[in-house]
Each structure stands twice: as C-alpha cells, then as structure tokens.
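Residue numbers begin at 1 in each chain, while the letters A, B, ... track the order of the sequences.
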There are 2 protein chains.
Amino acid sequence: MFSQTSEYAIRALIEIATRPEGEHVLSSELGESLGIPQHYLSKILQQLVRTRVLKSVRGRSGGFRLARSAADIRLRDIVEPFEDLKKCEECILGQPVCSDAGACPLHDFWGDVRERYVNELETKSLADLTDYQLKKLGSMNAGLFKRVGSVPGKESLKQKSKRKKVGTK
Amino acid sequence: MFSQTSEYAIRALIEIATRPEGEHVLSSELGESLGIPQHYLSKILQQLVRTRVLKSVRGRSGGFRLARSAADIRLRDIVEPFEDLKKCEECILGQPVCSDAGACPLHDFWGDVRERYVNELETKSLADLTDYQLKKLGSMNAGLFKRVGSVPGKESLKQKSKRKKVGTK
DNA sequence: TCTTTATCGGATAACTTTGTCCTAATATCC
DNA sequence: GGATATTAGGACAAAGTTATCCGATAAAGA
Ligand code: SF4
Ligand code: SF4
C-alpha cells in the first residue's frame, strides 16, 4: 500500500512531531533510532523540505523540524512525493477508464478500497498519528517506533526478499 | 495493489476462460490481443502451469487451457505466485507485530482494507470475473479486455515512468 | 523420419526502487 | 577567521521488477 519510502517518511515525521516543538532533530539520530538507513532518510527529509512539510537548518545545532503544526499536515502531504496517487484512480486491471457502469466483480472492491484510502490520506493528520504515540509514551517508557534489541527493522527488511520469482524455479 | 505481473495473469486467465472449454490458446495470441509483452506473458503462464492453474500442450495445435473449471480457480490461486501475501499481514508502518490492542489511527483502516482484500482473494473465482465479461460480450461486439486502436496497453505503461524521484530534482 | 509449430527455460537487458558514499554549502562555536 | 557540525545534493551501487531473446524440447502432421 505504502512504498518503503513512504513508510520511512511517516515514521520519521511521527518521531519528529513527538519532540518538543521547535526542537531540531538530526537526520542521523532519526535514522539510528528508527532503524532507517541514514543517508536514504536524508534524501526523504530533503524532499519533504522541498514540499514545505519540514524546515531544515544547516550547521551546528541544526536539523529538521516541522514547517507547521502537526494538525495541519495531512497524511497526503507526507506521502505525495513518494506515491503515484493518480494510479489509484485507475482500473485495477489496467483498463483505460474504470466506471461504475458495467462493473466487474472486482470493481466494487477496488472502488471501496481506494475511496477509503484517499479519504484516509485527506483526513488523517500527523497529529492524529502522534496522539496515539504520546498516549503510549505515557504508560510505557519505550517509544513504539523505536527499535528494541537487535535492529529488528533491518532484519525484517532482509527477510522480505524471499519472494517467489516469475521465470525461475 | 496488484503487481503488473498479477494484473497480466488475471487478464490472461479471463481471456482464456472465455474461450470454448478445452480450446488451446496460444501465448503469442494472448499477448498480441491483450497488449501484454508476449515473452513475459509466456513466463507468467508457465508459472501458472506449475501451480496447476493452467495446463499446457507443446507442439502443433498446442497452447494453454485451464487445468480445472473457472469456478474452481480462486483469485488467490492466480496471484499467489506473484504477490507476497504474507506482507499484508504485517503492520503498514513496519512494526514487527500489528495488534488491535493499542492501535494507531491507521490501524483500523489497514485492518479493514486487508481483511477485504484477502476475502476478495479467497471468495472471488475466475468464473465470477468472466461472468461479467460474457454478459458484456453479448451486448457489445468488442471484448472489454481487448485492446482497441493503437496499443493502449503499451502506451499507458510507458507513461507510468513519469514518477517523481526521491533524490533528484 | 522430417518439418513445422509451440511451450520450456535459461541468459540477459532495461527500468525502478532502495541504499551508500563523497563533496559542497552553510551555520555555530571558539 | 578557523574548526566543527550538519544539511544539500550529485554520483553511484545493489536489489527488485519487468521485459526481451534464443536455443532446447516436445508434439503433430506430412
Ligand atoms: S469494472 Fe473491473 S475491469 Fe472494468 S474498469 Fe472497473 S475495475 Fe477495471
Ligand atoms: S497500530 Fe498502527 S503502527 Fe501500530 S502496528 Fe497497527 S498499523 Fe502499525
């Protein structure tokens, strides 16, 4: 549903948003604590600066911070640079147009899913996501998105590569 | 939602299923009429032979046909070799476990979507998909999945490459 | 048996996504 | 001003997906 890149973006923004307002967070620290490749994350954050979701300050005591209140950042604003949202307007089976008039049995399914998807992107804000995080942090002492133990983020990523291929046995 | 490969597989099977039962369909003809790269489609069909969804006959008057009735072929049987279905059991934000206890605002959305998705895969059969096709063919004289005009399949594929990239402006 | 027709299946290429590395630019602190 | 810390951004590498090519294999028909 979300690309790896979008997932990184969301997780990083949640982390940034839970920090004291105005504090600058280092991309290296984010990558380290979230188990996201640091330099790759840098590029993602840079992109979010360009789309005015984040602001950055260079040099000593620099870093990234939100460009505006978390409540004003929609999920859509976060993933837009990394997802082809137009694609989900199209037919799931590759038809040029996908109309309800004359729908195949997959049409209802696909229509519902994407409606819910775009609705989620439009209505959920970064604040909605962090609210839960903050509640959790109250009762536990480890952040949900912090890695615990032996870098589970990296490991689970590698395991994903075991997919079956088309041509080879 | 579906990979390009899965989409090809579904479209090809729909086409095969609408042919007279037992007739052998050539992979080259399928690729040609559906606008799917012929040799790539061959590999996909070969894979479906291995998973016993299709049967193939080599040599003269050979080709592909369904291994069993279209009603007995679930959508899941079709896409399983090409999709990582385990992946959709996992958290949309990459958490090791994704439980309802302590759900973030995306959890409900993701839970509903994937439930609907796996349900669709399990319950919809190839016959369900072709029923609609056949009805259409009764009133129109062109198949919905046949390409019309100037190879729209190929073109729309190329256009997809215009996505924004992460690092480069 | 020989030719023709197709699938089978390996090798490889093109493209996309993901990840790494290095240098330049810039801000802070001494 | 110089040392240091940090983002900016280009080049490149690795991995995954999609697509192409070609020879081997098998079946049918003359
Ligand atoms: S009815 Fe089904 S096949 Fe036709 S355009 Fe809609 S989703 Fe695609
Ligand atoms: S609650 Fe949200 S973040 Fe937590 S595991 Fe479920 S989907 Fe992932």
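- At C:dT17, none of the side-chain N or O atoms of A:Ser3 fall inside 4.0 Å of OP1 or OP2 (strictly under the cut-off).
- Here the C1' atom of nucleotide C:dC8 and the CG atom of B:Leu48 are 15 Å apart, to the nearest Å.
- To the nearest angstrom, P of C:dC22 lies 14 Å from CD of A:Gln38.
- When distances run from any side-chain atom of B:Leu26 to the nucleotides C:dT7, D:dT20, D:dA8, the shortest one goes to C:dT7.
- Atom CD of A:Glu23 has more than 12 heavy atoms from other residues, nucleotides or ligands within 6.0 Å.
- If you measure from atom CG of B:Leu30 to atom C1' of D:dA19, you get 17 Å, rounded to the nearest angstrom.
- B:Leu34 and B:Arg11 get closest at one heavy-atom pair: O-NH2, 2.6 Å.
- Rounded to whole Å, atom C1' of D:dA8 lies 18 Å from atom NZ of A:Lys55.
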What does nucleotides 21-29 of chain D look like as a protein-contact string, B for base, S for sugar-phosphate only, - for none, at under 4.0 angstrom between heavy atoms? BB--BBBSS
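- Side-chain nitrogen and oxygen atoms of B:Thr5 include at least one within less than 4.0 Å of the OP1 or OP2 phosphate oxygen of D:dT18.
- Distance CD (B:Gln4) to P (C:dT17): 13 Å, rounded to an integer number of Å.
- Straight-line distance from the CD atom of A:Gln46 to the C1' atom of D:dG10: 10 Å, rounded to whole Å.
- A salt bridge links B:Arg19 with B:Glu29: the distance from a Lys NZ or Arg NE/NH1/NH2 to an Asp or Glu carboxylate oxygen falls below 4.0 Å.
- Atom CD1 of A:Ile73 sits about 9.5 Å away from atom OG1 of A:Thr51, to the nearest 0.5 Å.
- With rounding to whole Å, B:Gln47 atom CD is found 15 Å from D:dT18 atom C1'.
- Exactly one of A:Leu129, A:Thr130, A:Ile78, A:Leu30 qualifies for a side chain to side chain contact (heavy atoms under 4.5 Å, CB included) with A:Leu13. That residue is A:Ile78.
- In the model, B:Ser6 has a side-chain atom that pairs as donor or acceptor with a side-chain atom of B:Glu83 under 3.5 Å.
- Phosphate contact (OP1/OP2 of C:dG19, side-chain N/O of A:Tyr8, threshold under 4.0 Å): present.
- When every heavy atom of B:Val53 is checked against every heavy atom of B:Asp77, the shortest pair comes out as CG2-O, 3.9 Å.
- Summarising the geometry, the separation between OH on A:Tyr40 and C1' on D:dA15 is reported as 12 Å, rounded to the nearest angstrom.
- Within the structure, a side-chain polar atom (N or O) of B:Ser27 is placed less than 4.0 Å from OP1 or OP2 of C:dT7.
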